[in-house]
S.K.: 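My questions will all concern the structure given below.
Note on naming: letters A, B, ... go to the chains in the order of the sequence lines (proteins, then strands), and numbering restarts at 1 for each one.
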2 protein chains.
Amino acid sequence: MTDFDLKDFTPYLLTIAAETSSAVFQAYYKDRYGMLRTEWRVFFHLGRYGPMTAKEICDRARIHKTKVSRAVAALAAKRYLTRKELPEDRRQEILRLTKSGELVFKELYRDAADFNVQMMADFTVQEQMILRKCLIKIADLDAPEPAPTDTG
Amino acid sequence: MTDFDLKDFTPYLLTIAAETSSAVFQAYYKDRYGMLRTEWRVFFHLGRYGPMTAKEICDRARIHKTKVSRAVAALAAKRYLTRKELPEDRRQEILRLTKSGELVFKELYRDAADFNVQMMADFTVQEQMILRKCLIKIADLDAPEPAPTDTG
DNA sequence: GAATATTGGTTGATTTTGTAACTAACAACA
DNA sequence: TGTTGTTAGTTACAAAATCAACCAATATTC
């Protein structure tokens with residue numbers, strides 16, 4: 001075990017791989033749309049799965065409610081989404097992409113897909129499948145249970 | 001391509017996998033030794049590859065010099081390393097783990113290795129190999145690196 | 001050998017994230 | 001009804017990351 005190296009430490013390797021692979025796309029949507037990563041994630045959820053409340057985004061995306069709250073505020077300020085109070089429970093608001101939000105989403109969605117295809121082209125189909133399987137397992141994304149969000 | 005999902009976006013998947021897999025170990029060395037992640041990385045480099053300058057750590061570990069500078073200061077404050085000015089270039093300092101630094105390193109090193117074995121036990125040998133290969137490729141870590149100084 | 005550029009490293013200001021406390025609406029129950 | 005507890009979401013404050021400016025030592029240029 002004296003050969004154990006940072007390259008052999010999977011959490012490290014994952015972190016570097018995540019940073020490297022995210023950098024380009026992140027810079028792209030930041031420069032072009034002034035979006036931060038959490039904003040992009042929230043935005044993606046609304047675009048891909050339709051209108052929902054902040055709470056639903058928290059559960060689905062496993063993002064803490066304070067981050068979602070700030071991302072929603074930023075996206076609303078950019079006129080990418082609107083909030084509408086739910087009559088049957090006035091604590092909640094339905095979030096929905098605006099027309100221009102939809103437009104931007106279509107572009108970002110397509111670009112993300114393209115980017116992904118390009119980056120995966122380095123690998124065989126079998127490698128892609130195994131990589132995906134391992135990552136989903138490590139990320140614990142195959143478990144349907146939403147993570148507890150609150151402090152404590 | 002209408003089925004493209006966040007789970008299919010590899011940079012996202014990598015980020016979540018990295019966060020999930022890092023969380024436990026990170027909490028461990030933070031609680032036990034008060035180390036931040038950059039500190040742990042710098043520390044690991046010095047322990048694993050022997051004394052070197054901050055610049056060398058920057059290059060090897062691909063960490064920005066401001067982060068390395070602060071990590072080194074923190075590690076020095078904890079008496080885990082010493083700095084010695086290089087006579088032939090007085091801008092540079094050789095960083096070297098202290099006795100107690102070495103001791104802590106041995107423990108952290110062993111625990112990291114154990115942690116890694118445990119986490120990889122979910123996968124077959126073939127899966128482990130492919131995962132590693134893909135991650136190294138994505139992280140661009142197969143690019144030529146400076147050779148290890150075999151002091152460690 | 002003086003002027004200028006570059007390099008290793010540090011520091012300060014700004015941005016972003018994380019944690020805790022908070023408000024307002026609803027629910028449960030006496 | 002009033003009390004207590006819970007939930008959705010925001011805000012305030014602390015910790016941390018990022019970026020630009022900076023200093024001192026060395027290299028380079030004329």
Side-chain angles (χ1 to χ4, degrees), chain A residues 15-16 18-19 22-23 26-27 29-31 34-42 45-46 51-78 81-96 146-152, chain B residues 15-16 18-20 22-23 26-27 29-31 34-42 45-46 51-77 81-96 146:
Chain A
T15 301
I16 304 292
E19 283 172 4
S22 296
Q26 206 170 334
Y29 60 64
K30 179 168 191 174
D31 288 353
M35 275 192 212
L36 261 28
R37 202 166 59 172
T38 308
E39 293 171 41
W40 147 247
R41 280 195 208 171
V42 166
H45 270 263
L46 288 171
M52 62 181 89
T53 68
K55 179 60 162 59
E56 287 178 274
I57 296 176
C58 290
D59 292 344
R60 281 190 88 113
R62 304 198 191 174
I63 308 176
H64 194 269
K65 59 180 182 174
T66 62
K67 283 174 93 172
V68 170
S69 172
R70 288 194 263 244
V72 166
L75 291 168
K78 294 184 190 95
L81 63 79
T82 58
R83 337 158 71 123
K84 202 173 72 187
E85 209 176 58
L86 219 79
E88 62 267 33
D89 184 345
R90 278 161 44 233
R91 287 170 304 183
Q92 301 184 52
E93 292 172 325
I94 287 284
L95 308 171
R96 178 190 310 271
T149 50
D150 229 323
T151 58
Chain B
T15 301
I16 304 292
E19 284 172 2
T20 306
S22 295
Q26 207 170 333
Y29 60 64
K30 179 168 191 175
D31 288 353
M35 276 192 212
L36 262 28
R37 200 166 64 171
T38 308
E39 292 170 42
W40 147 248
R41 279 199 210 170
V42 167
H45 270 264
L46 288 170
M52 63 181 86
T53 68
K55 180 60 163 59
E56 286 178 276
I57 297 176
C58 290
D59 293 344
R60 283 189 85 114
R62 306 196 190 172
I63 309 176
H64 194 269
K65 60 181 183 175
T66 63
K67 284 173 91 170
V68 169
S69 173
R70 282 171 171 131
V72 166
L75 290 168
L81 63 79
T82 58
R83 337 156 73 122
K84 203 174 74 188
E85 206 175 62
L86 218 80
E88 63 267 32
D89 183 344
R90 278 160 45 233
R91 288 170 303 183
Q92 301 185 53
E93 292 172 324
I94 287 284
L95 308 170
R96 180 190 308 270

S.K.: Taking only distance into account, with no hydrogens and no angle test, what donor-acceptor pairs under 3.5 Å do side-chain atoms of residues 84-91 of chain B form with protein atoms, sequence neighbours excluded?
M.R.:
| unit_1 | atom_1 | unit_2 | atom_2 | d |
| --- | --- | --- | --- | --- |
| B:Asp89 | OD1 | B:Arg91 | N | 3.1 |
| B:Asp89 | OD1 | B:Arg91 | NE | 3.1 |
| B:Asp89 | OD2 | B:Arg91 | NH2 | 2.9 |
| B:Asp89 | OD2 | B:Gln92 | NE2 | 3.2 |

S.K.: Rounded to whole Å, how long is the line connecting atom CG of A:Leu81 with atom P of D:dG9?
M.R.: 13 Å

S.K.: Once you round it to whole Å, what is the distance between P of C:dT19 and NZ of A:Lys67?
M.R.: 10 Å

S.K.: Nearest to the B:Leu36 side chain among C:dT17, D:dA16, D:dG9, which nucleotide is it?
M.R.: D:dA16

S.K.: Please list, pair by pair, any protein nitrogen or oxygen found under 3.5 Å from a nitrogen or oxygen in nucleotides 26-28 of chain D.
M.R.:
| unit_1 | atom_1 | unit_2 | atom_2 | d |
| --- | --- | --- | --- | --- |
| D:dT26 | OP1 | B:Arg90 | N | 2.9 |

S.K.: If the condition is side-chain contact (heavy atoms from CB on, under 4.5 Å), which residues does B:Arg41 pass it with, not counting sequence neighbours?
M.R.: A:Tyr12, A:Thr15, A:Ile16, A:Glu19, B:Arg37, B:Ile63

S.K.: Partners of B:Lys30 by salt bridge (Lys or Arg N to Asp or Glu O under 4.0 Å), sequence neighbours excluded?
M.R.: none

S.K.: A:Glu93: which residues meet the side-chain contact (heavy atoms from CB on, under 4.5 Å) condition with it, sequence neighbours left out?
M.R.: A:Arg83

S.K.: Measure CD/A:Gln92 against P/C:dA24 and give the value in whole Å, please.
M.R.: 18 Å

S.K.: For D:dA16, take OP1 and OP2 only and decide whether either is under 4.0 Å from a side-chain N or O of B:Lys30.
M.R.: yes

S.K.: Could you state the atom-to-atom distance from CD1 of A:Ile63 to C1' of C:dT16 in whole Å?
M.R.: 15 Å

S.K.: Looking at every non-hydrogen atom in both residues, tell me the closest pair between B:Glu39 and B:Met35 and how far apart they are.
M.R.: OE1-CA, 3.7 Å

S.K.: In this structure, how many angstroms lie between the P atom of C:dG18 and the CZ atom of B:Arg37, rounded?
M.R.: 11 Å

S.K.: Taking only N/O atoms, report every protein-nucleotides 10-12 of chain C pair under 3.5 Å with atom names and distance.
M.R.:
| unit_1 | atom_1 | unit_2 | atom_2 | d |
| --- | --- | --- | --- | --- |
| C:dT10 | OP1 | B:Arg83 | NH2 | 2.3 |
| C:dT10 | OP2 | B:Ser69 | OG | 2.7 |
| C:dT10 | O5' | B:Ser69 | OG | 3.4 |
| C:dG12 | N7 | B:Arg70 | NH2 | 3.1 |
| C:dG12 | O6 | B:Arg70 | NH1 | 3.2 |
| C:dG12 | O6 | B:Arg70 | NH2 | 2.8 |

S.K.: Rounded to whole Å, how long is the line connecting atom CE of B:Met52 with atom P of C:dG8?
M.R.: 15 Å

S.K.: Going by heavy atoms in the side chains, are A:Thr53 and A:Leu95 under 4.5 Å from each other?
M.R.: no

S.K.: Give the minimum heavy-atom separation between A:Lys65 and A:Cys58, together with the two atoms involved.
M.R.: CA-SG, 3.6 Å

S.K.: Is the shortest heavy-atom distance from the side chain of A:Leu46 to the side chain of A:Arg96 under 4.5 Å?
M.R.: no

S.K.: In whole Å, I'd like the distance from the CD atom of B:Glu19 to the P atom of C:dT17.
M.R.: 11 Å

S.K.: For A:His45 and A:Ala61, work out which heavy atoms get closest and say how close.
M.R.: NE2-CB, 3.4 Å

